[in-house]
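Numbers restart at 1 for each chain; the letters A, B, ... are given by sequence-line order, proteins then strands. All heavy atoms count here, side chains included; hydrogens, waters and symmetry mates do not.
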Number of protein chains: 2
Amino acid sequence: MDAALKALAEPRRRAILRLVWSQELPATDIADTFADVSRPAISQHLAVLKDAKLVTERRDGTRRLYKANVDTMAQLRAFLDDYWTSGLERLRDVAEAAETRKRQTKGRK
Amino acid sequence: MDAALKALAEPRRRAILRLVWSQELPATDIADTFADVSRPAISQHLAVLKDAKLVTERRDGTRRLYKANVDTMAQLRAFLDDYWTSGLERLRDVAEAAETRKRQTKGRK
DNA sequence: ATCTTTCTTTAGTTGACACTTACGTAAGTC
DNA sequence: GACTTACGTAAGTGTCAACTAAAGAAAGAT
């Protein structure tokens with residue numbers, strides 16, 4: 001899940017992911033879209049996306065067809081939604097920990 | 001906006017951000033929370049978060065109080081929501097571009 | 001069997017990033 | 001003014017990430 005977020009931090013990978021959003025595409029077609037970058041570079045980006053389970057790979061003869069993995073993206077969205085909304089309970093815990101540590105440095109202020 | 005996503009890709013920064021989620025905290029308190037990392041490291045993370053406008057800094061005497069910037073986070077959330085849902089129209093454009101480029105390599109298959 | 005096409009993998013470079021230690025600075029305290 | 005508290009900044013290090021060029025590997029086409 002952490003890998004997914006990290007993968008999405010790269011603009012190029014977001015662009016790639018969007019390409020295979022609603023349709024399968026062979027690696028060449030994806031690479032052709034980016035004129036300023038070599039094909040191996042795209043291949044490596046695809047590997048990262050695949051490791052993060054953001055895309056799936058399907059072999060068809062010599063070609064490899066990529067497609068967005070909607071499941072993972074839904075999970076990631078849920079993770080973020082949880083991140084936005086939660087954290088209030090956990091917050092209190094960490095605040096207490098800091099307070100404790102502060103106390104042993106003698107009460108300041 | 002891109003900076004915000006990149007900033008969030010780092011787990012430590014997510015933890016920091018969560019700390020100042022609903023309350024202001026001085027840098028020292030934040031740093032104290034992380035025992036395994038030096039204070040300057042946290043200071044640098046805070047700078048990244050500030051550059052990404054994910055937190056705001058307020059000076060109070062010698063102290064600097066940090067707090068999450070809800071506005072930016074709302075924007076980022078909107079950006080992601082747009083990213084999930086949209087991209088269908090844009091997709092067609094890029095597909096066409098790829099198609100054109102393919103055609104000039106002579107029709108394959 | 002050889003040659004293409006399609007795509008990955010390897011090797012190597014460059015730059016970015018998280019971190020540390022050491023130092024600087026600014027505001028309060030004595 | 002000297003000292004402390006609370007922080008940032010500078011400089012240097014190890015690691016990882018993105019890229020390129022060159023070399024595989026694997027399935028068809030001739």
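Near DNA chain D, meaning a heavy atom under 4.0 Å from it, residues 2-12 of chain A has Lys6(A), Glu10(A), Arg12(A) in order of number. Listed in residue order, the members of residues 39-57 of chain B having a heavy atom less than 4.0 Å from DNA chain D are Arg39(B), Pro40(B), Ser43(B), Gln44(B).
Tracing side-chain contacts under 4.5 Å through hydrophobic residues (I, L, V, M, F, W, Y), one reaches Leu8(B) starting from Phe34(B); they form part of the same cluster. In this structure, Leu80(B) is a member of the same hydrophobic cluster as Trp21(A), with clusters built from ILVMFWY side-chain heavy atoms closer than 4.5 Å. Taking hydrophobic clusters as Ile, Leu, Val, Met, Phe, Trp and Tyr residues chained together by side-chain heavy-atom distances below 4.5 Å, Met73(A) shares a cluster with Tyr83(A).
Note that the CG atom of Leu5(B) and the CD atom of Glu10(A) stand 11.0 Å from one another [nearest 0.5 Å]. Interatomic distance, Thr33(B) OG1 to Arg18(B) CZ, rounded to the nearest 0.5 Å: 13.5 Å.
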List the atom pairs, with distances to 0.1 Å, where a side-chain N or O of residues 53-62 of chain B and a protein N or O form a donor-acceptor pair under 3.5 Å, not counting sequence neighbours.
{"unit_1": "Thr56(B)", "atom_1": "OG1", "unit_2": "Lys67(B)", "atom_2": "O", "d": "3.4"}
{"unit_1": "Glu57(B)", "atom_1": "OE1", "unit_2": "Lys50(B)", "atom_2": "NZ", "d": "3.0"}
{"unit_1": "Glu57(B)", "atom_1": "OE1", "unit_2": "Tyr66(B)", "atom_2": "OH", "d": "3.2"}
{"unit_1": "Arg58(B)", "atom_1": "NE", "unit_2": "Glu24(B)", "atom_2": "OE2", "d": "2.8"}
{"unit_1": "Arg58(B)", "atom_1": "NH2", "unit_2": "Glu24(B)", "atom_2": "OE1", "d": "2.8"}
{"unit_1": "Asp60(B)", "atom_1": "OD2", "unit_2": "Arg63(B)", "atom_2": "NH2", "d": "3.3"}

Counting only pairs under 3.5 Å, give me each side-chain donor-acceptor contact of residues 35-43 of chain B, with atom names and distances, residues two or more places apart or in other chains.
{"unit_1": "Asp36(B)", "atom_1": "OD1", "unit_2": "Arg12(B)", "atom_2": "NH1", "d": "3.3"}
{"unit_1": "Asp36(B)", "atom_1": "OD2", "unit_2": "Arg12(B)", "atom_2": "NH1", "d": "2.9"}

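Legend: residues meeting side chain to side chain donor-acceptor pair (under 3.5 Å) with Arg64(B), ordered by chain and number and at least two apart, are absent. Annotation: side-chain contact (heavy atoms from CB on, under 4.5 Å) contacts of Asp81(B) (sequence neighbours excluded): Arg77(A), Trp84(B). In terms of the side-chain contact (heavy atoms from CB on, under 4.5 Å) criterion, residue partners of Asp2(A) (sequence neighbours excluded) are, by chain and number, Pro11(B), Arg14(B). Annotation: side-chain contact (heavy atoms from CB on, under 4.5 Å) contacts of Val70(B) (sequence neighbours excluded): none.
Atom CG in Leu25(A) sits about 15 Å away from atom C1' in dT6(C), given to the nearest Å. Regarding Asp29(A), its CG atom lies at a distance of 9 Å from the P atom of dT6(C), rounded to whole Å. Tyr66(A) has its OH atom 11 Å from the C1' atom of dT6(C), to the nearest Å.
Taking for each of Arg64(B) and Ser38(A) the nucleotide of DNA chain D with the nearest heavy atom, the 5'-most of the two is the partner of Arg64(B).
Dashed line: the shortest gap from a side-chain N or O of Arg59(A) to OP1 or OP2 of dT6(C) is not under 4.0 Å.
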Query raised in the report: Could you run down nucleotides 25-30 of chain C 5' to 3' and tag each one B, S or - for protein heavy-atom contact under 4.0 Å?
Result: --BS--
